[in-house]
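All remarks here apply to the structure that follows.
What you see below is based on every heavy atom in this structure, not just the backbone, and it leaves out hydrogens, waters and symmetry mates. Per chain, numbering begins at 1; letters A, B, ... match sequence-line order.
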Amino acid sequence: MCLKTLQIFGLLAVLGWGTAWADDGELVERVAVRNRLFEVAQRWELGLHAGAPLLTFLTDTYNFNLSVAYNPTEWLGIELRGGYALSFNNATAANAAAEFYPRVVERLDELPDTWRMGFNGLLGVRFQPIYGKLSLVADVPVHFQLYLWAGGGLASLGRTSPTLCLAPKTSAGDPAQCVVTDATGTQVRWEHYLSEQRLAPVVSLAVGLRLFIAQHHAVSLEVRSWSYTDSFYVNVLRGEVSPSSPTRGGQLAPNRCFPELGGPKTGDLAEPTACFTTLGQVELGYVVLF
Amino acid sequence: MAEPSGPPQRSADQASTPATRLVSGAPLADPNVAVHTVEAKADPDQGALEVVLFPLVVQLNGKFTQHLGTMGALVWHLHENFALQITGGGNWSAAESSFNDHLANQAWVQPQAATSLLWTWGVMGGVEVAPVYGKFALLEDTLVHFELVLSGAAGVGGTSHQLKPVTRRIDETLSAASFGDTGTRFLGSLGAGLRIRLGRSFALRLEVRDVVYTARVSSVNGCSGADLSAMDAQLEAGNDPASTPVSASCQRSLFTGKTGAGDPRSTDINFALNLVNGDHGVPSSDVLNNVGLYLGASFVF
């Protein structure tokens, strides 16, 4: 999972990469983007943002945030944002649960990256050094700002394990409570799986584009990551778990980040380790500037 | 008394003040003047030939696979906003993802063979259009010109699939994963990105391209299901599969003998047979999208 974290951070870094090559330019060139039609310095902002997942693994997350920001200068903004993320185990998780349930396994290692985000709040800094204009086909100039965002905060996290069923079917006589197959198909009864909640610190990075549509209105489009620590259980005695002893015999996976770096990829020989879970989101926003 | 003809005369003080320098064209005090803000392209492209190197191409949608590669492109700008292009290169790292490993090892599930097909090389030809041209200021002093480029192309490429995962030998050392060639496929590509000009001859490119290809694993290393079944039967009978009669396209030598590390290649036969047979003897099929981030630099002739 850490490679995925790097992948998303790499994308953010690359997309936000500034191109600081000077061009002597004519006076007309300099004036073209220095006389800004839309100035944000010393202005407050109120925004509404909706994010959808860029790439999903076991969970899907749709995040909705309200934001308040202040721009001390043209190139710097401070933003407070908070909201709620609708998140759930997706079809891949359900498929894994349905396939794994009938297996005869004495000890069980859970899957990583199953924590989902709920309520969240962030305080961050927006570095917005790039102001530009582009010419669309009809010669309509569009003014934009390109920015990098970094910040942190807190989020309520929850998870439902796709493999740790608390009503295991260990013999033919046990009723199949976790995965039921009937005339309507196969259904995973998530209420019978291990479920946990916690509050955790979150780090968020983003790169984005703001298109000004009027003096007081802008539309934003950004790619944003949300990262928090992962945790899950390994070596659980599958046949002995119950709602009162959901992780019997097991322990938390060791928290070692970046095992992929510096060593051979060992595939199924690697001991499961917990690291960070990173959600990549593409986010659309509407901002009112005062 | 008649007004004097000709342009108004400026005093010597006015002429020496930078704020009063004249530039041709529209009133620059208006920041929304379209003509001078974005239409004056500093470095025209028409007729130019551009050689592009993408030293690093990273797969962005690596759910079941992870690809890293290097690509190159030749772009001939027929018009200021239209060009022909040829792109080619390979993925020097193409493997199943860690997510795939977790699914296989912790949940005992894995995607069907076609879904985890790996893309190894490709050559595509197509067009590129640049409908949007712009410039931006970095802080207050640096001006950068850029174009939004859209591309479409079609071509062919090679594919492979992991056969044997990493395993541990009796002496506790690790045996590397093995891969089998699963044939050539038609490729299609759509892309969008930025082309940032650094003067007359150089540009930086940052593009996202989606390479689409169909996947149906019906042979491995040229060997069909019948070939693999025959070799598997020989192996089961305790014979050397090297003597098994196979079709002309089957590269039997890739399933016989030993690897450089001393591992028997015959262990791949059963893995390959399972790939080709799929579920209930029907090879799996899928349409795959490999969305990659292309980072590169180019020289414009």
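Smallest separation of non-hydrogen atoms from Gly62(B) and Leu55(A): N-CD2, 3.8 Å.
Note that OH of Tyr101(A) and CH2 of Trp108(B) are 15.5 Å apart. Values are rounded to the nearest 0.5 Å. The distance from the CG atom of Leu103(B) to the OG1 atom of Thr92(A) is 7.5 Å, given to the nearest 0.5 Å.
Within 6.0 Å of CD in Gln46(B) there are more than 12 heavy atoms belonging to other residues, nucleotides or ligands.
For Thr56(A), the parts lying under 4.5 angstrom from a heavy atom of chain B are both the backbone and the side chain. Looking at Glu110(A), the atoms closer than 4.5 Å to chain B (heavy atoms on both sides) all sit in the backbone: N, CA, C or O.
No donor-acceptor pair closer than 3.5 Å links the side chain of Gln106(B) to the backbone N or O of Asp109(A).
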Verdict with reasoning, Phe57(A) to Lys63(B), per side-chain contact (heavy atoms from CB on, under 4.5 Å): CA-CA 7 Å; Phe57(A) 292 93; Lys63(B) 186 170 184 174; 4.0 Å; yes
Determine, step by step, whether Leu58(A) and Phe99(B) satisfy the side-chain contact (heavy atoms from CB on, under 4.5 Å) criterion, reporting the C-alpha distance in whole Å, the side-chain angles of both residues, the deciding distance to 0.1 Å, and the verdict. CA-CA 9 Å; Leu58(A) 294 168; Phe99(B) 177 65; 3.7 Å; yes
